[in-house]
Protein chains: 2
Amino acid sequence: MPADSRRAEHVADTRDALLEAARALFAERGYTAVGTAEIVTRARVTRGALYHHFRDKADLFRAVMRTVAAELAGRLVEEQTARAEESTAGVWDQLRNGIQTYLGACLDGDFQRIVLVDGPAVLGHAAWDALVEEHGLGLLRDWLRQAVDEGQIDALPVDPLARLLAALIAEASLYIARSTDPATAREETGRTLDRVLLGLRPGVGE
Amino acid sequence: MPADSRRAEHVADTRDALLEAARALFAERGYTAVGTAEIVTRARVTRGALYHHFRDKADLFRAVMRTVAAELAGRLVEEQTARAEESTAGVWDQLRNGIQTYLGACLDGDFQRIVLVDGPAVLGHAAWDALVEEHGLGLLRDWLRQAVDEGQIDALPVDPLARLLAALIAEASLYIARSTDPATAREETGRTLDRVLLGLRPGVGE
DNA sequence: TTTCGGGCATACACGTTGTATGTTGGCTGA
DNA sequence: TCAGCCAACATACAACGTGTATGCCCGAAA
């Protein structure tokens with residue numbers, strides 16, 4: 001079974017078509033409002049193909065969420081490495097800029113609906129946590145740990161701090177996207193987020 | 001149609017029974033995993049009664065979430081007024097204690113599953129926001145506005161700040177409840193939350 | 001007492017999910 | 001090269017769950 005045969009390409013193509021169709025529909029109208037019939041129609045296959053590639057509808061959703069989350073993670077490390085080239089900035093500024101980059105990435109519509117809204121309800125917190133852990137949360141925690149180790153922010157338990165900051169960013173992105181005036185919402189939440197981070201620098205709590 | 005007749009009592013009783021049964025089941029296994037047949041069996045009525053009192057299953061969920069959220073709001077104002085009796089504390093300490101009280105209230109299992117996990121996915125953000133606004137978020141915003149007005153915390157846009165803090169508290173409660181060691185998780189997140197708030201006091205920026 | 005409507009039970013129609021079964025086309029070994 | 005075999009689908013079916021239409025009953029008002 002050569003992995004690069006034409007047949008293998010077809011297999012990967014149908015799977016990709018399913019993922020793409022499901023992603024577009026899930027992002028547009030939500031998990032429960034989209035039936036499998038609609039998905040396979042858009043992907044120009046049949047339900048048989050769907051249930052051949054995925055155990056059930058939730059399993060398809062998990063795969064979709066994985067790709068969406070991986071996309072975000074990719075954008076993050078991309079910006080991160082790009083910024084590392086001009087690496088005159090210290091850990092503090094790296095973290096500060098990273099948070100804002102994070103916020104920008106979370107503004108993606110697909111990401112919000114699939115990962116932030118439907119994800120927890122569809123997958124349950126265990127599976128959801130596992131996906132978030134490897135796509136983004138781990139990165140944020142690394143930044144924070146480094147910042148704490150170098151004394152750039154106050155000594156706080158890194159694990160809960162990372163979770164809380166991630167939730168902050170997520171909520172900020174939702175607030176912006178749903179605002180009637182996204183421009184000022186972006187400015188205000190960005191500023192507030194930055195101010196929260198600034199407040200974590202050492203020497204504040206007497 | 002006297003509102004206090006025996007018949008009216010029966011009507012209210014069946015409605016309450018439906019709310020109670022739905023709440024228990026939704027909290028235990030989530031919205032989609034629970035069918036209406038199971039709900040009415042537990043409430044010892046029929047599906048006819050359910051669809052007489054509520055437009056559809058989502059409408060029943062909305063009513064359940066409203067009661068759960070109202071419960072939390074009730075506990076909050078209760079603690080708040082109790083603390084106001086001994087009101088030597090200033091606005092700052094009131095806010096600080098209020099946040100911790102908030103956190104404690106969010107630890108309720110029913111609240112987490114129904115309001116925080118299923119709520120956004122089932123109701124959509126518009127209906128969800130409306131419910132959260134009147135049960136808790138409004139209160140938090142009032143505290144913050146007062147704290148800002150009196151110069152207890154730095155001048156930040158109150159509206160997004162309230163949203164962000166609410167998300168922070170919600171995530172903290174989920175983190176604690178799902179932790180293998182809730183005691184230390186509670187201590188750590190409580191401390192982190194308090195530290196974030198402390199960082200918002202004036203005189204930290206530049 | 002009769003009637004009238006709210007409150008609820010029953011029955012049905014519909015869509016949706018998951019599974020079981022059938023079919024096809026390419027790889028593979030003799 | 002060809003027989004057979006299996007992955008990759010397509011099709012058909014069974015089970016379930018929701019929402020609605022219909023019917024019944026009882027309390028209240030006239």
Side-chain angles (χ1 to χ4, degrees), chain A residues 1-26 28-65 118 121-124 127, chain B residues 1-26 28-65 118 121-124 127:
Chain A
M1 50 282 190
D4 59 340
S5 77
R6 184 165 298 268
R7 178 175 172 85
E9 281 183 24
H10 291 170
V11 172
D13 184 60
T14 60
R15 189 188 149 93
D16 288 349
L18 281 167
L19 285 176
E20 197 174 338
R23 172 187 176 149
L25 292 169
F26 286 159
E28 188 185 347
R29 306 210 312 274
Y31 176 79
T32 48
V34 174
T36 55
E38 194 175 357
I39 295 172
V40 297
T41 298
R42 180 172 183 132
R44 290 183 304 158
V45 297
T46 64
R47 292 179 8 98
L50 195 162
Y51 282 90
H52 176 75
H53 282 280
F54 305 95
R55 185 160 25 88
D56 53 17
K57 193 186 168 191
D59 190 42
L60 169 62
F61 178 86
R62 175 184 292 108
V64 170
M65 171 168 161
D118 282 338
V122 173
L123 298 182
Chain B
M1 49 279 187
D4 59 342
S5 77
R6 185 165 299 270
R7 178 173 172 86
E9 281 182 25
H10 292 171
V11 173
D13 184 60
T14 60
R15 189 189 150 93
D16 289 347
L18 281 167
L19 285 176
E20 197 175 338
R23 173 188 176 146
L25 292 169
F26 286 159
E28 188 184 347
R29 308 209 311 274
Y31 177 78
T32 47
V34 173
T36 55
E38 195 175 358
I39 295 172
V40 298
T41 298
R42 180 172 181 132
R44 291 184 303 159
V45 297
T46 64
R47 290 175 17 92
L50 195 163
Y51 282 90
H52 177 75
H53 282 280
F54 305 96
R55 185 160 25 88
D56 52 16
K57 192 186 168 189
D59 190 43
L60 170 62
F61 178 86
R62 175 185 290 108
V64 169
M65 171 169 161
D118 282 338
V122 174
L123 298 182

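This structure is a prediction, so every number in the text was calculated from the model and none was measured. Lettering follows sequence order; numbering is per chain, from 1.
Atom OG1 in A:Thr36 sits 13.0 Å away from atom CZ in A:Phe54 (nearest 0.5 Å). Distance check: A:Lys57 NZ to A:Thr32 OG1 gives 6.5 Å after rounding to the nearest 0.5 Å.
Considering every non-hydrogen atom in both B:Leu123 and B:Ala58, the closest pair reads CD2-O, 4.0 Å.
Listed candidates were C:dA9, C:dG18, D:dC9. Nearest to the side chain of A:Arg47 is C:dG18. For B:His52, the listed nucleotide lying nearest its side chain is C:dG7; candidates were C:dG7, D:dC9, D:dT20. Closest to the side chain of B:Val11, out of C:dT17, C:dC8, D:dC9, is C:dC8.
Residue A:Thr14 has a polar side-chain atom (N or O) positioned under 4.0 Å from OP1 or OP2 of D:dC9. Proximity of A:His53 to the phosphate of D:dC9: a side-chain N or O atom is located under 4.0 Å from OP1 or OP2.
For B:Gly48 and A:Lys57, each mapped to the nucleotide of DNA chain C holding its nearest heavy atom, the one lying further toward the 5' end belongs to B:Gly48. Closest-nucleotide positions on DNA chain C for A:Arg55 and B:Thr46 were compared, and the one nearer the 5' end corresponds to B:Thr46.
At the heavy-atom level, A:Thr36 lies under 4.0 Å from the strands shown only through sugar-phosphate atoms. As judged by a 4.0 angstrom heavy-atom cut-off over every strand, B:Val34 is placed among residues touching the sugar-phosphate backbone only.
Ring planes of A:Tyr31 and A:Phe26: tilted class, angle from 30 to 60°.
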